[in-house]
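Notes follow once the structure below has been shown.
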Amino acid sequence: MGKIKSAIVITLMTLVIAVMCFFCTVSFDMKGGLERFNSVVRMTNKDATLGTEIGEQSYLGGGYSTVYYPEGVISSKEYEENFSSMKPEEAAEYAAKYAKVGALYLERETLCDEEGKPSEEFKAKFKATADSVIARYEALHVDGARADIADEYTIRVMMPQLLAGGNSLFNLMSYTGGVTVSYGSDEDSATTILPENKKGAVIGDYIKSVSSRTAANGTAVVIVKFTKAGREIVKNTTSSAAESSSTMFFKIGDDIAIQMTVSSEIDQDTMYISGSYTKDSANVTSILLESALKGGKDDISFTVGDTYRETASFGDNALLFIYIACGVCFVGMTVFFFARYKQLAFAHLYTYLLFFFSMLFCVWAIGFLYIGVATLLGLMLASLLLCVSNALVYERARKEFSAGRTMTAAVKSAYKSTFWRIFDLHIVIAAFAFIVFGIALPGLSTFAFTLGLGTAFSFVCNVAIGRLNWATMMAFTPRKGAFCNFKREETEDE
């Protein structure tokens with residue numbers, strides 16, 4: 001490859017790595033502190049079994065957990081406690097009311113078919129509602145906040161202790177149903193104003209979106225954007241508010257998400273609702289309402305189970321120690337390759353950085369992956385695989401060059417002679433990892449998937465990107481042996 005083409009390739013590669021590094025690691029405030037740009041590492045969920053204190057947004061690990069039970073579903077513990085406390089005739093009637101499904105008991109009449117199995121209607125409604133609730137927790141982008149299906153028909157949720165009021169927000173995040181806005185002196189007498197009481201009217205015709213914002217001074221607000229029709233209705237409804245103040249209720253199903261006193265006419269496309277909100281509670285409320293804008297009357301209602309305190313089982317500073325360990329490994333890798341291969345180490349370094357940042361983007365983008373011990377262990381093993389693969393090729397090229405071949409011929413022969421050995425190594429590890437992930441062994445699925453994905457990336461980086469980097473960087477020097485720290489048996493260079 002010519003010097004001009006090589007310079008263009010290296011420049012583009014450097015820009016790509018710099019951009020990926022920026023988006024992965026840098027976070028900063030924007031618009032006077034009203035908004036914040038979060039890096040990929042900041043946005044990526046972190047395992048709540050970890051803990052650390054980094055900067056203003058300390059992540060202490062642990063938090064609170066509970067389970068959402070659909071209406072009509074109870075746990076085995078609750079069933080057995082109720083059953084054991086009843087008289088024989090009451091117990092028989094109670095037992096006939098429920099059907100046992102795994103570790104749960106479901107009401108036969110409302111949730112089961114004639115055979116006592118969950119009805120197709122219930123399963124479809126549960127899946128749709130559960131997907132909506134899980135999406136809310138994902139939208140928080142808060143370290144340790146997670147929700148997933150447990151025992152087939154319940155949702156296990158986790159709030160980290162860094163989230164202010166994490167325990168009290170469980171109830172708020174469990175609200176289901178469509179959004180309605182009512183107005184009146186109290187909840188019982190309030191009249192629904194949005195959506196309008198007419199055929200085909202839906203809340204999306206009146207409210208565009210709901211979001212939140214926190215100013216630099218800590219003041220947090222929930223932002224409701226109305227359509228033209230929504231603004232007109234709110235204006236007409238609140239036109240006499242200056243004479244006798246009333247209350248506006250934003251409800252999800254039968255539950256109140258926002259309750260605000262109105263003492264003057266509201267005539268604006270965007271309404272900023274303040275009060276006692278913190279940054280976290282405003283964010284949760286906005287995500288909840290935004291999610292519920294797509295909900296409806298067919299959503300399943302949930303009851304919130306007992307809340308348990310979870311600790312950072314790997315210690316309060318485990319995440320920080322993991323980051324330090326990754327840094328030490330990176331420095332060790334860099335020192336070894338530069339000591340052994342001189343400038344050729346830059347080819348490996350560029351290859352590794354592309355691999356590493358690509359993996360970080362994958363961990364962020366794939367919903368069930370998060371930063372934790374299992375994920376980072378899989379990433380480090382995949383990193384080791386890439387380092388070993390590159391070293392195998394470099395050592396083979398060293399032998400070929402030492403035997404008298406030109407550098408170009410030595411590199412070509414090295415990749416050709418090591419290809420199947422490296423391919424076999426990668427395919428065995430990837431197959432093992434994805435098989436483990438497929439059978440979902442407890443505690444290993446996240447590690448296995450990360451290792452399998454990293455193995456695939458490692459192979460591509462070794463046979464394609466690494467070779468390209470080597471060719472482009474070596475084009476600038478006439479002393480190719482010295483560039484790679486290769487020596488011939490009789491002479492030091494070509």
Side-chain angles (χ1 to χ4, degrees), residues 66-74 78 106-107 109-111 121-122 124-137 139 147 153-155 157 159 165 167-207 209-210 212 222 224 226 230 233-234 237-238 246-262 271 273 275-277 281-307:
T66 190
V67 175
Y68 292 161
Y69 292 91
E71 187 176 1
V73 177
I74 61 176
E78 181 178 352
L106 278 62
E107 284 187 357
E109 184 176 350
T110 57
L111 306 181
E121 180 184 9
F122 166 68
K125 287 183 178 181
F126 173 77
K127 183 181 185 307
T129 311
D131 288 344
S132 176
V133 172
I134 292 173
R136 293 174 187 172
Y137 280 84
Y153 301 111
T154 61
I155 303 176
V157 295
M159 284 283 194
N167 187 19
S168 63
L169 295 176
F170 280 136
N171 285 330
L172 191 62
M173 290 289 276
S174 71
Y175 293 167
T176 58
V179 175
T180 58
V181 181
S182 56
Y183 184 78
S185 57
D186 56 59
E187 181 185 0
D188 294 333
S189 62
T191 302
T192 299
I193 60 173
L194 299 177
E196 289 183 282
N197 185 21
K198 65 180 184 180
K199 186 176 181 180
V202 296
I203 192 64
D205 297 332
Y206 308 96
I207 297 179
S209 64
V210 184
S212 67
V222 175
V224 180
F226 295 107
I233 292 173
V234 171
T237 303
T238 60
S246 296
T247 304
M248 185 175 292
F249 302 91
F250 288 79
K251 302 178 72 175
I252 298 176
D254 297 326
D255 299 300
I256 299 174
I258 298 177
Q259 178 176 325
M260 55 176 288
T261 301
V262 180
M271 182 166 63
I273 305 172
S276 59
Y277 286 116
S281 61
N283 184 39
V284 168
T285 302
S286 65
I287 288 173
L288 174 64
L289 284 166
E290 178 68 20
S291 170
L293 288 176
K294 307 176 185 65
K297 62 182 181 180
D298 290 335
D299 286 350
I300 290 176
S301 299
F302 289 101
T303 58
V304 182
D306 295 333
T307 300

Those residues at least two apart in sequence (or on a different chain) that pass side-chain hydrogen bond (donor to acceptor under 3.5 Å, both in side chains) with Glu107 are Thr110
Give the minimum heavy-atom separation between Ala282 and Val222, together with the two atoms involved. O-CG2, 3.9 Å
What residues form a salt bridge (Lys or Arg N to Asp or Glu O under 4.0 Å) with Asp131, not counting sequence neighbours? Lys127
Among all residues two or more places apart in sequence or in another chain, which pass the side-chain contact (heavy atoms from CB on, under 4.5 Å) test with Thr303? Tyr69
Looking at residues at least two apart in the chain, or sitting in another chain, which of them share a ring pair (Phe, Tyr, Trp, His ring centres under 6.0 Å) with Tyr153? Phe122, Phe126
As an exercise, state the distance from CZ of Phe302 to OG of Ser174, rounded to the nearest 0.5 Å. 8.5 Å
Those residues that, when tested against Ser209, pass side-chain hydrogen bond (donor to acceptor under 3.5 Å, both in side chains) (two or more places apart): none
CD (Gln259) and OG (Ser182) are apart, to the nearest 0.5 Å, by 9.5 Å
OG of Ser212 to CG of Leu289, rounded to nearest 0.5 Å, is 11.0 Å
If the condition is side-chain contact (heavy atoms from CB on, under 4.5 Å), which residues does Asp306 pass it with, not counting sequence neighbours? Tyr308
Where do Val181 and Met248 come nearest, in terms of heavy atoms and distance? CG1-CG, 3.6 Å
With sequence neighbours left out, write down each residue that passes side-chain contact (heavy atoms from CB on, under 4.5 Å) with Ser189, or none if nothing qualifies. Ser185, Asp186
With sequence neighbours left out, write down each residue that passes salt bridge (Lys or Arg N to Asp or Glu O under 4.0 Å) with Glu187, or none if nothing qualifies. Lys251
For Thr237, the side-chain contact (heavy atoms from CB on, under 4.5 Å) test, sequence neighbours excluded, returns Tyr183, Ile193, Ile233
Going by side-chain hydrogen bond (donor to acceptor under 3.5 Å, both in side chains), name the residues that satisfy it together with Thr285, two or more places apart in sequence or in a different chain. none
I need the minimum non-hydrogen distance between Leu288 and Arg136, along with the two atoms involved. CD1-NH1, 3.2 Å
Measure the spacing between OG of Ser291 and CD1 of Ile252 and express it to the nearest 0.5 Å. 7.5 Å
Straight-line distance of Asp255 CG to Thr176 OG1, nearest 0.5 Å: 7.5 Å
Residue pair Leu194 / Val234, side-chain heavy-atom distance below 4.5 Å: yes
For Glu121, the side-chain hydrogen bond (donor to acceptor under 3.5 Å, both in side chains) test, sequence neighbours excluded, returns Lys125
Tell me if a side-chain donor or acceptor on Thr129 pairs with a main-chain N or O of Ile300 at a distance below 3.5 Å. yes
Nearest heavy-atom contact between Gly184 and Phe249 is O-CE1, 4.3 Å
Donor-acceptor list for residues 196-203 side chains, cut-off 3.5 Å, not counting sequence neighbours:
unit_1	atom_1	unit_2	atom_2	d
Glu196	OE1	Lys198	NZ	3.4
Glu196	OE1	Tyr206	OH	2.9

For Tyr68 and Tyr137, take the angle between the two ring planes, folded into 0 to 90°, and tell me which bin it lands in: parallel under 30, tilted 30 to 60, perpendicular over 60. tilted
Looking only at atom types and distance, does a side-chain atom of Glu290 sit under 3.5 Å from a main-chain N or O of Val210, one as donor and one as acceptor? yes
